[in-house]
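Notes to accompany the following structure.
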Amino acid sequence: MKVYKALTIAGSDSGGGAGIQADLKTFQELGVYGMSAITAVTAQNTLGVQGVYPLPVDAVTTQMDSIGEDLGVDAVKTGMLFSSEIISAVARKIRHYQWTNLVVDPVMIAKGGATLLEEEALTALVRDLIPLAAIVTPNIPEAATITRMTIENLAQREEAAKAIFQMGAQNVMIKGGHDEQSERVVDLLYDGKQFYYLEGERINTRHTHGTGCTFAAAITAELAKGIPVAEAVKTAKSFIKAAIEDQLGIGSGHGPTNHWAYQNRRRGEMMQ
Ligand SMILES: Nc1ncnc2c1ncn2[C@@H]1O[C@H](COP(=O)(O)OP(=O)(O)O)[C@@H](O)[C@H]1O
Ligand SMILES: Cc1ncc(COP(=O)(O)O)c(N)n1
């Protein structure tokens, strides 16, 4: 049996809903062996972020070496990278090991408002990491920050997707979770030639902690199996839809999504 392997390079979320924890749960649920290189430890729960503790750059690169020198990877995801030093070092290692199938989730601010990427790190993100990406998955505010554009409608979102594509990414997915006036959630994929819309009903819930991480991790798992980007994003959309709908309802604030939901539903379908 071929074992597909995915690596997440991201921050730890003590509450288990986002970051490394969301990524590894998602890899596991989609049948992919998960590995991690932790960039920062956060003290976090459903109420917010209580502390951010970045690791030294060599702690991050040594974790990547441990994996690169022995296990190897079929796909890589980056999440919270925190500083320009960490971004540049991570990009260097990805190039060194010639890792492909890179999903860059440009995490900047936690839903509770805490900074997960220093302001001056944007230059390194655009210069060093985006050009290596098979797909970049910003939400609307992140896409606006990366492109320095205003994004208030779909036409502006298409322009922003083109601008990020021009930065060297092979595909750009601008997620629509933040477009709260809209009754539908519309994610936009651009592959340099065409725009594709992934649409669904907006689920009325406050339990969306970790949606972006989980969605990007699901794409990564599918790419690890050799599935093309256009197919991988569809599976990721079904995965996140189920995870948001079948909420766990834990914690007293913005709770995590349900990483079991997608496979539970599939198991349910098979029993019928
Ligand atoms: N309320 C919601 N209902 C349905 N899908 C949602 C909802 N909120 C987010 N999503 C989906 O979750 C994924 C992450 O989106 P988003 O919330 O925009 O990203 P982030 O978590 O990075 O801010 C996207 O596929 C988006 O469509
Ligand atoms: C360690 C870490 N990484 C990423 C996020 C973003 O989470 P979200 O997916 O809710 O935007 C987070 N809150 N914490």
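All residue numbers in this chain count up from 1 along the given sequence.
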Is there side-chain contact between Ser36 and Asp23, with at least one heavy-atom pair below 4.5 Å? no
Side chains of Thr211 and Lys111: is there a donor and an acceptor less than 3.5 Å apart? yes
Mind checking ring-ring contact (aromatic ring centres under 6.0 Å, His included) for Phe165 and listing every partner two or more places apart, or none if nothing turns up? Tyr190
Using a 4.5 Å cut-off on heavy atoms from C-beta on, say whether the side chain of Leu71 contacts that of Val73. no
Give, for atom CE of Met149 and atom CD1 of Ile164, the distance between the pair rounded to the nearest 0.5 Å. 8.5 Å
Taking the side chain as every heavy atom from C-beta outward, state whether Pro141 and Ile109 have any pair of such atoms under 4.5 Å apart. no
Hey, are Gln50 and Asn45 close enough side-chain-wise for a donor-acceptor pair under 3.5 Å? yes
For the pair His96 and Asp65, evaluate side-chain hydrogen bond (donor to acceptor under 3.5 Å, both in side chains) and give the outcome as yes or no after the intermediate values. CA-CA 10 Å; His96 173 80; Asp65 283 333; 5.6 Å; no
Return yes if a side-chain donor-acceptor contact under 3.5 Å exists between Gln28 and Tyr33, otherwise no. no
Side-chain heavy-atom pair Glu159, Thr147 within 4.5 angstrom cut-off: no
Give the minimum heavy-atom separation between Arg184 and Ser182, together with the two atoms involved. O-OG, 2.6 Å
Salt bridge check, Glu183 against Arg202: does any charged N sit closer than 4.0 Å to a carboxylate O? no
Shortest non-hydrogen pair, Thr42 vs Asp13, comes out as OG1-CA, 3.6 Å
Would you list the pairs meeting side chain to side chain donor-acceptor pair (under 3.5 Å) in which at least one residue belongs to residues 117-131, sequence neighbours left out? Ser88-Asp128
Determine yes or no for a side-chain-to-main-chain donor-acceptor pair under 3.5 angstrom, with Thr115 supplying the side chain and Leu117 the backbone. no
Flag the pair Phe215 / Met173 as yes when at least one side-chain heavy-atom distance between them is below 4.5 Å, and no otherwise. yes
Got a list of side-chain donor-acceptor pairs under 3.5 Å for residues 223-230, not counting sequence neighbours?
residue : atom : partner : partner atom : Å
Lys225  : NZ   : Leu30   : O            : 2.8
Lys225  : NZ   : Glu222  : OE2          : 2.7

Paired with Asp105, the side-chain hydrogen bond (donor to acceptor under 3.5 Å, both in side chains) test is passed by just one of Asn139, Thr137, Thr8, namely Thr137
Would Arg265 and Glu245 pass as an ion pair if we require N to O under 4.0 Å? yes
For Ala18 versus Gly210, what's the shortest heavy-atom pair and its separation? CB-CA, 3.7 Å
Contacts of Asp187 meeting side-chain hydrogen bond (donor to acceptor under 3.5 Å, both in side chains) (sequence neighbours excluded), chain-then-number -> Lys237
Under the 4.5 Å side-chain heavy-atom rule for ILVMFWY, direct or indirect, which residues accompany Ile250? Leu248, Trp260
Short question: side chain of Lys25, backbone of Gly16 - any donor-acceptor pair under 3.5 Å? yes
From Leu129 atom CG to Ile94 atom CD1, the distance as rounded to the nearest 0.5 Å: 5.5 Å
In the structure I gave you, are the side-chain heavy atoms of Ile174 and Val136 within less than 4.5 Å of one another anywhere? no
Are Thr257 and Thr208 packed together at the side-chain level, in the sense that at least one heavy-atom pair is separated by less than 4.5 angstrom? no
Sequence neighbours excluded, the answer for ring-ring contact (aromatic ring centres under 6.0 Å, His included) partners of Phe239 is Tyr262
Atom CD of Gln63 and atom CG of Asp58: how far apart are they, to the nearest 0.5 Å? 10.0 Å
For Val57 and Ala89, which heavy atoms make the closest approach, and how far apart are they? CG1-CB, 3.5 Å
Hey, is the main chain of Pro256 close enough, under 3.5 Å, to the side chain of His209 for a donor-acceptor pair? no
Testing the basics here: between Asp74 and Asn101, what is the closest heavy-atom pair and its distance to 0.1 Å? O-ND2, 2.9 Å
I need the Lys234 NZ to Leu189 CG distance, nearest 0.5 Å. 10.0 Å
Could you report the tightest heavy-atom contact between Gly253 and Thr46, atom names first, then the distance? N-OG1, 3.0 Å
So, taking the atom named CD in Gln44 and the one named CD in Gln21, what distance separates them when rounded to the nearest 0.5 Å? 9.0 Å
Please walk me through it: do His259 and Thr214 pass side-chain hydrogen bond (donor to acceptor under 3.5 Å, both in side chains)? CA-CA 8 Å; His259 292 96; Thr214 301; 2.9 Å; yes
